[in-house]
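We use all heavy atoms of the structure for the numbers below, so side chains are in, but hydrogens, waters and symmetry mates are not. Source: prediction; values computed, not measured.
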Amino acid sequence: MQYKKIESRDNQLVKRIVRLARERKYRQTENQAVIYGEHLINEALQYGLLSELLLLESALDNYPQFNNLPL
């Protein structure tokens, strides 16, 4: 999997994720949500519902199962 390093809070993806997390109406309009936790991520993967995955750089080694995701 190819990773993109996000180094700024001004990153458009970060702003979009924050907005999805905060605004119910935006989640409904976009038909998307933000999920947290390994279990929920695995469920989303199982059903083909994951469109983006953001991990802290320090967590990459802790979750090797996410290294080869077809996103």
Side-chain angles (χ1 to χ4, degrees):
M1 169 181 270
Q2 189 174 18
Y3 295 104
K4 294 181 186 177
K5 188 172 183 177
I6 298 172
E7 298 187 38
S8 170
R9 290 182 183 179
D10 291 328
N11 181 286
Q12 291 301 312
L13 178 59
V14 172
K15 288 181 178 183
R16 186 170 169 276
I17 298 298
V18 169
R19 187 171 179 199
L20 280 169
R22 290 184 178 169
E23 299 178 24
R24 179 178 181 226
K25 188 164 186 101
Y26 185 65
R27 288 191 299 273
Q28 291 173 333
T29 301
E30 296 296 311
N31 198 29
Q32 293 188 331
V34 177
I35 60 172
Y36 303 89
E38 185 175 354
H39 174 74
L40 291 175
I41 293 169
N42 284 325
E43 288 287 318
L45 282 170
Q46 180 180 350
Y47 293 101
L49 300 172
L50 194 65
S51 61
E52 300 276 350
L53 178 64
L54 278 68
L55 290 172
L56 294 174
E57 188 173 23
S58 60
L60 288 174
D61 291 336
N62 297 334
Y63 300 100
Q65 69 271 31
F66 298 139
N67 284 336
N68 297 310
L69 296 178
L71 298 177

If you take all heavy atoms of Ile6 and Leu13, which pair is closest and at what distance?
-> CD1-CD2, 4.2 Å
Ala33 and Arg27: which non-hydrogen atoms are nearest, and at how many Å?
->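 That closest heavy-atom pairing would be CA-CD, 4.2 Å.
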Do [X] and [Y] belong to the same hydrophobic cluster, where Ile, Leu, Val, Met, Phe, Trp and Tyr are linked whenever their side-chain heavy atoms lie under 4.5 Å apart, directly or via other members?
| X | Y | result |
| --- | --- | --- |
| Tyr36 | Val14 | yes |
| Leu53 | Ile35 | yes |
| Val34 | Leu40 | no |
| Leu55 | Ile41 | yes |
| Tyr26 | Val18 | yes |

Answer yes or no: does atom CD of Glu57 have more than 12 heavy-atom neighbours from other residues, nucleotides or ligands under 6.0 Å?
-> no
More than 12 heavy atoms from other groups under 6.0 Å of CG on Asp61 =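 Incorrect, the count does not exceed 12.
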Pairwise side-chain contact, Gln46 with Asn42, heavy-atom cut-off 4.5 Å (strictly under) =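 A side-chain contact under 4.5 Å is absent here.
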ILVMFWY cluster membership beyond Leu56 - transitive side-chain contacts under 4.5 angstrom =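 Hydrophobic cluster check, Leu56: no partners found.
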Spacing of [X] atom [atom1] and [Y] atom [atom2] [to the nearest 0.5 Å]:
| X | Y | atom1 | atom2 | result |
| --- | --- | --- | --- | --- |
| Gln32 | Leu49 | CD | CG | 10.5 Å |
| Glu52 | Ile17 | CD | CD1 | 6.5 Å |
| Leu45 | Glu38 | CG | CD | 10.5 Å |

Going by the salt bridge (Lys or Arg N to Asp or Glu O under 4.0 Å) test, which pairs reach into residues 15-26, not counting sequence neighbours?
->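 Qualifying pairs: Arg19-Glu23.
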